[in-house]
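If you read the sequence from its start, that first residue is 1, and numbering goes on from there. The structure displayed is predicted, hence computed values, not measured ones.
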Amino acid sequence: MNDTSAVKDALRRQQIETPSWAYGNSGTRFKVFAQRGVPRTPREKIDDAAQVHRFTGVAPSVAIHIPWDRVDDYAALAAHAEERGVRIGAVNTNVFQDDDYMLGSVTNPDPAVRRKALDHLLEAVDIMDATGSRDLKLWFSDGTNYPGQDDIRDRQDRMAEALAAVYGRLGDDQRFLLEYKLFEPAFYMTDLPDWGASYAHCLKLGPKAQVVVDTGHHAPGTNIEFIVAFLLREGKLGGFDFNSRFYADDDLMVGAADPFQLFRIMYEVVRGGGYDAETGVAFMLDQCHNIEPKIQGQIRSVMNVQEATAKALLVDTAALRSAQRSGDVLEANAVFMDAYNTDVRPLLAELREEMGLHPDPVAAYKASGYYERIAEERKDGQAAGWGA
């Protein structure tokens with residue numbers, strides 16, 4: 001796509017979901033560094049998410065995490081989001097923080113624990129009904145630490161049984177996105193360790209079961225763009241959890257560690273039709289801002305995805321195809337790299353002005369005084385964080 005106006009039109013349609021937990025206090029297993037102005041309630045998290053949309057124009061939804069965002073009235077929470085100009089996005093489940101889940105949740109050898117976990121997943125679908133959410137996000141920490149600890153095949157049977165029960169509860173316009181993770185906290189065997197395992201379970205269940213790719217959940221050197229291309233080709237890519245990592249699942253700002261990888265991923269999204277709204281691919285952030293300001297970190301992350309997408313849209317596909325078909329290896333790579341090396345920041349600044357936005361979202365946010373206001377207003381009370 002070489003036409004700048006067409007690229008702008010495509011970028012106007014972009015939607016990037018931010019996560020409620022990114023606005024709370026978070027950290028590593030060693031330390032959580034508290035910050036001023038952190039939200040204390042799910043409503044305040046939504047207020048902060050609305051600021052990201054206000055200054056970027058492309059972040060109209062916020063994912064919630066249960067029980068971290070538990071409220072008495074989810075319809076009222078959805079109405080609050082609407083008042084702030086955003087909406088509730090994916091509902092994320094939590095079957096990894098309760099003591100009962102030490103040996104797993106839906107794959108636990110104890111049927112009572114499995115029932116407890118399943119009840120939570122089904123409750124999340126009820127919350128989807130109340131908020132109008134389309135996506136249920138499922139991630140399981142289930143696995144084992146030692147050989148022989150449990151039967152690998154039995155655990156897959158238990159996983160399949162739970163997923164089938166959740167699938168049967170989904171409404172016609174709902175779906176679940178099944179996440180995977182190479183390791184941690186299970187260190188010998190993880191029940192859903194890779195995209196193949198997630199894909200196999202989803203394929204068996206049907207069209208309302210889709211794979212979600214967390215960009216931090218892979219072994220070093222994994223070709224994530226291949227996974228994206230494959231799942232798009234099979235109609236099984238439900239979405240992304242965008243973040244960056246240097247070692248393991250760091251949940252750093254997307255594009256921070258390897259912006260070229262993000263570009264390569266977004267090229268495959270564009271190439272495979274995943275950028276078209278009808279494919280339903282969800283572009284979500286899954287990040288925990290440990291030392292950087294929360295709202296600014298989300299704004300910068302959204303901008304990083306925008307920049308990678310703009311470069312992907314600028315790839316001269318005709319020239320690339322011609323070089324590929326003629327076997328001109330260097331020319332094909334040069335076409336690809338030309339798009340990546342393009343400075344798209346002026347184009348995006350111009351686009352934002354056309355959309356009635358400030359050309360520099362971070363500068364506009366800093367000048368708004370919002371942070372100073374919430375830092376004063378939220379001095380009292382319990383700041384939200386992991387488990388809150």
Side-chain angles (χ1 to χ4, degrees), residues 21 26-30 65-68 92-124 136-169 176-205 209-224 227 231 236 238 241 243 245-251 286 288 386-387:
W21 54 97
S26 60
T28 68
R29 58 172 57 89
F30 301 106
H65 210 296
I66 307 300
W68 299 346
N92 290 252
T93 55
N94 184 323
V95 285
F96 52 85
Q97 283 194 312
D98 195 289
D99 285 344
D100 285 342
Y101 300 140
M102 182 175 68
L103 299 180
S105 60
V106 298
T107 64
N108 195 295
D110 185 341
V113 175
R114 297 201 299 272
R115 182 69 248 180
K116 174 181 176 178
L118 179 58
D119 286 345
H120 171 69
L121 304 184
L122 297 176
E123 176 199 15
L136 174 68
K137 185 88 72 58
L138 301 177
W139 176 72
F140 302 94
S141 65
D142 295 36
T144 61
N145 278 5
Y146 296 98
Q149 177 183 323
D150 199 0
D151 188 277
I152 294 175
R153 180 162 177 162
D154 284 351
R155 293 178 74 90
Q156 286 300 305
D157 289 341
R158 298 168 196 155
M159 175 66 71
E161 181 180 4
L163 292 177
V166 175
Y167 190 91
R169 170 64 182 83
F176 73 61
L177 307 180
L178 187 59
E179 196 168 349
Y180 57 89
K181 188 177 183 181
L182 179 65
F183 77 103
E184 194 189 37
F187 290 106
Y188 169 65
M189 182 277 299
T190 302
D191 290 313
L192 287 175
D194 53 39
W195 69 273
S198 182
Y199 171 71
H201 280 288
C202 289
L203 187 64
K204 185 174 182 179
L205 287 169
Q210 299 278 300
V211 181
V212 62
V213 175
D214 186 306
T215 50
H217 285 188
H218 304 83
T222 298
N223 190 319
I224 299 176
I227 300 170
L231 292 174
K236 279 296 181 182
D241 276 358
N243 52 52
R245 65 95 182 269
F246 284 102
Y247 296 102
D249 184 20
D250 297 341
D251 282 343
D286 181 9
C288 294
W386 288 344

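Atom NE2 of H217 is separated from atom CG of L182 by 9.5 Å, given to the nearest 0.5 angstrom. To the nearest 0.5 Å, the span separating CG on D251 from OG on S26 amounts to 8.5 Å. Taking CD of E123 as the start and CZ of R169 as the end, the distance is 11.0 Å to the nearest 0.5 Å. Annotation: the span from I152 atom CD1 to T144 atom OG1 amounts to 6.5 Å, rounded to 0.5 Å. The CG atom of D249 lies 4.0 Å from the NZ atom of K181; values are rounded to the nearest 0.5 Å.
Without hydrogens or angle criteria, D157 side chain to M159 main chain gives no donor-acceptor distance under 3.5 Å. A donor-acceptor pair is defined here as one N or O able to donate and one able to accept, closer than 3.5 Å; such a pair exists between the side chain of S198 and the backbone of L178. Between the side chain of D142 and the backbone N or O of T107, at least one donor-acceptor pair lies under 3.5 Å. Between the side chain of N145 and the backbone N or O of F187, at least one donor-acceptor pair lies under 3.5 Å. The closest donor-acceptor contact from the side chain of N92 to the backbone of K137 lies at 3.5 Å or more, if one exists at all.
The two atoms that bring K236 and Q210 nearest to each other are C-OE1, 3.4 Å, heavy atoms only. Closest non-hydrogen pair, S141 versus F96, comes out as OG-CB, 3.3 Å. Looking at every heavy atom in both residues, F176 comes nearest to V166 through CD2-CG1, 4.0 Å. Taking every heavy atom of both residues into account, D119 and R115 meet most closely at OD1-NH2, 2.7 Å. The two residues L205 and A164 make their nearest non-hydrogen contact at CD2-CA, 3.7 Å. The shortest non-hydrogen separation linking P67 to N94 is CD-CB, 3.6 Å.
Partners of H120 under the ring-ring contact (aromatic ring centres under 6.0 Å, His included) rule, at least two apart in sequence or in another chain, do not exist in this structure. With sequence neighbours excluded, the residues that form a salt bridge (Lys or Arg N to Asp or Glu O under 4.0 Å) with D98 are K116. Y199 is linked by a ring-ring contact (aromatic ring centres under 6.0 Å, His included) to F230, counting only residues two or more places apart in sequence or in another chain.
You'll find the side chain of E179 stays beyond 4.5 Å of the side chain of L192, heavy atoms only. At least one side-chain heavy atom of R245 sits less than 4.5 Å from a side-chain heavy atom of P220. L103 has its side chain within reach of Q149: a pair of non-hydrogen atoms, C-beta onward, lies under 4.5 Å apart. Within the 4.5 Å cutoff, the side chain of W139 has no heavy atoms near those of the D214 side chain. Side-chain atoms of R155 and P109, non-hydrogen and from C-beta on, do get closer than 4.5 Å to each other. The closest side-chain heavy-atom distance from Y146 to Y188 is not below 4.5 Å. With a 4.5 Å cut-off on side-chain heavy atoms, K204 and L163 do not count as touching.
In this structure, a donor-acceptor pair under 3.5 Å is absent between the side chains of D286 and N243.
Ring geometry for H65 against W21 counts as perpendicular: the plane angle is over 60°, on a 0 to 90° scale with 30° as the lower cut.
None of T190, T93, D191, V106 except one satisfies the side-chain contact (heavy atoms from CB on, under 4.5 Å) rule with F140; the exception is V106.
At a threshold of 4.0 Å, the pair R158-D150 counts as salt-bridged, since one of the basic side-chain nitrogens sits closer than that to a carboxylate oxygen.
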- [ ] Start with the C-alpha distance between Y180 and W195, add both sets of side-chain angles, then the distance that settles side-chain contact (heavy atoms from CB on, under 4.5 Å), and finish with yes or no.
- [x] CA-CA 6 Å; Y180 57 89; W195 69 273; 3.6 Å; yes
Task: Working for side-chain contact (heavy atoms from CB on, under 4.5 Å), residues L118 and E161 - done: CA-CA 10 Å; L118 179 58; E161 181 180 4; over 6 Å; no
